[in-house]
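In what follows, a single structure is set out as structure tokens and then discussed.
What you see is a predicted model, and the numbers here were worked out from it, not measured in a lab.
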Amino acid sequence: MGSGSRWAERLLESGALSDAGRPLLGPGEVECQLLDGVDIEVVDSGVEGDPLRSGLLILTNARMFWVHQHSRSAFFLPLSSVSRISAPRKGLKSVFSSTLRLRGAAAAHSSVTLLLSFRGHASSFDNLVSQLGAVLQSRAWETLPAAAVNPSTASASTPSSHWNPSRAGVSGILRKEQEQWEQTDKNLQEAFHDLNALMGKAKEMVLLADKMRARLLTEGSASGSQQELHDLLLSVGIASPVTKESAGALYHQQLSRQLADFVGSPLQSAGGMLALVDVYCLFNRARGTELISPEDLLQACDLWDRLDVPVMLRRFDSGALAIQIKSKSDDEVVARIMRLVDDLRTGVGAREAAKCLGVAPALAKEHLFSAEARGFLCRDDGPDGLRFYTNFFKDAQFP
Amino acid sequence: MGDFKFPYFFDYPPYFTLQPVQDTREKQMQLWKELILRYCQHHKCFIINLEQEFPLFQNLSIQRKLSFEAREMFLAALVAEGKAEWLDKAHKKCLVLWRSIQEWSEMILQLVRDNAMEDGVLTLDEIQSGDESRGTELAGIDRFVLVRALKLLEQRGKAAMFKGKAGDDEGVKFSAS
């Protein structure tokens, strides 16, 4: 990022990135399309500057991000400030790349024109352009901050300002409930008719799910169908799952970053290490739909080697796989185990190690095996199961 | 001859579990081989039968015992080192040579010299449990081992074994002067 790109800092807003290099989205903001290898430059606007080269363009329903992963810089343009998009004049540039002109208001300038160019496959760029068109048309950002869409207030019967006798008593309450359910049903039907509309309704769905869950929890365990509903609505989490569609060839990279972001807090509460199967379950549960396959998960983890993320995939000798916070070194774990294994009369089993290290027993066992393989511990296979002792064999001698 | 003194690590449970890690296992084997030899020497025990209980291979106070696999492995290691021999093809009976046959034969010669029997005759029984051998290591020697040692002396021309008259024990005539 040279000094010639200062215009970007003046005209565009700086976007915040997560630890794994993904832009932080606002409430209700959903990613629609990603395209890698896009340049942005400012033209015809009385502003001088070098183009922003080869970044990742992320289109959401409210903003357009340009992210340069390597230098961890990100800029965005709110779509609300875009007034016009057009195909460029035929020129030398458009022969070698696909381009698009964006006109809008930015910073102190009432009218600024940005030129996006992309040197890859024209069809990917065309996809982006049509998505951009759709998003600009839907103007989703207008409804976003008003996030607390309450189905009950959206119901057909507006609460009247003066008291209506038909609302009195138990039948009144029941009627109100009935109307709310009908509206909910209508919402669901509308939503499922059009998948695009569903994505827009996604925020509403999340709130609805939360409400239902809260209600089910307070009502206690009811009939079987309610329990089913409860299970279905259980963990609605990530509102913007990175899908193969929106990220194309970038799928694994973006997934990898999203996974790295997600796994941070569960790792902390699990003492720094989680079995890969547990991560698979947690991640998919949070995604809700657009579940990822085990292979996708493995590939996403393998990509971490190339990305600068604070987590790593750990392969144990036994073949078990786990995800670990990078800072937890092996030596530290061994040192903690050795302090525990003081007593040569009882040794240490998986359960005590798990408690001491703050990880699941299965992982504690892996740590014990690992320390044994390195010569710090020896094992006792007795009637109480497998227990580990300091490796006294090393210095043992006949007195 | 007092009670056998077990080493301190005999009371550590891992001592009785065959260690999977190579380096640790080798150290464990070294300790067990040495222990077997010392124990057998103390108790004048020559034969270990894998199909029977052998008091050395368990520690009741910590409730641990060596597995069959471990016992076989440690004895086989002794055999490989030349400090023991299998007495059967099935490798179930093991002769523990805490003294080599060579050493036994030297001890017999020493006995002969100490008792001025360089040209004398002794029955095998006498060598095993007679007055001459009382107080020496030869007392209580296994018959099989004794015969092997004497055969070695025969090869060197220092002795000649013979069968006694009907009902009499085998004997050996020395020409060790």
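- For A:N391, the part lying under 4.5 angstrom from a heavy atom of chain B is the side chain only.
- By the 4.5 Å heavy-atom criterion applied to side chains, B:Y15 and A:C378 are not counted as neighbours.
- Residue B:K173 qualifies as enclosed at atom NZ: its count of foreign heavy atoms under 6.0 Å is above 12.
- The two residues B:F9 and A:Q397 have their closest heavy-atom pair at CE2-O, 3.6 Å.
- Annotation: B:K33, atom NZ; neighbour count of heavy atoms from other residues, nucleotides and ligands within 6.0 Å is above 12.
- Both the backbone and the side chain of B:L35 come within contact range of chain A, with heavy atoms under 4.5 Å apart.
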Distance-only donor-acceptor pairs under 3.5 Å for side chains of residues 351-360 of chain A, two or more places apart:
| residue | atom | partner | partner atom | Å |
| --- | --- | --- | --- | --- |
| A:E352 | OE1 | A:G349 | N | 3.0 |
| A:E352 | OE2 | A:R387 | NH2 | 2.9 |

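- Under the salt bridge (charged side-chain N to carboxylate O under 4.0 Å, His left out) criterion, no residue pair touches residues 270-281 of chain A, with sequence neighbours excluded.
- Ring pair A:F398/B:F10: centre-to-centre distance not below 6.0 Å.
- Two residues are said to be in side-chain contact when any heavy atoms from C-beta on lie closer than 4.5 Å; B:P14 and A:F388 fail this criterion.
- Between chain A and the options B:R38, B:Q30, B:K5, the largest number of non-hydrogen pairs under 4.5 Å is found for B:R38.
- Contacts between residues 18-27 of chain B and chain A, defined by a heavy-atom separation under 4.5 Å, are made by B:Q19, B:P20, B:V21, B:T24, B:K27.
- Dense packing is recorded around CD of B:Q110, with more than 12 heavy atoms of other residues, nucleotides or ligands lying under 6.0 Å away.
- Within residues 98-106 of chain B, no residue has a heavy atom under 4.5 Å from a heavy atom of chain A.
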List the steps and the verdict of side-chain contact (heavy atoms from CB on, under 4.5 Å) for A:F392 and B:Y12. CA-CA 9 Å; A:F392 60 85; B:Y12 297 161; 3.6 Å; yes

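- The two residues A:A396 and B:Y8 come nearest to each other via the heavy atoms CA-OH, 3.3 Å.
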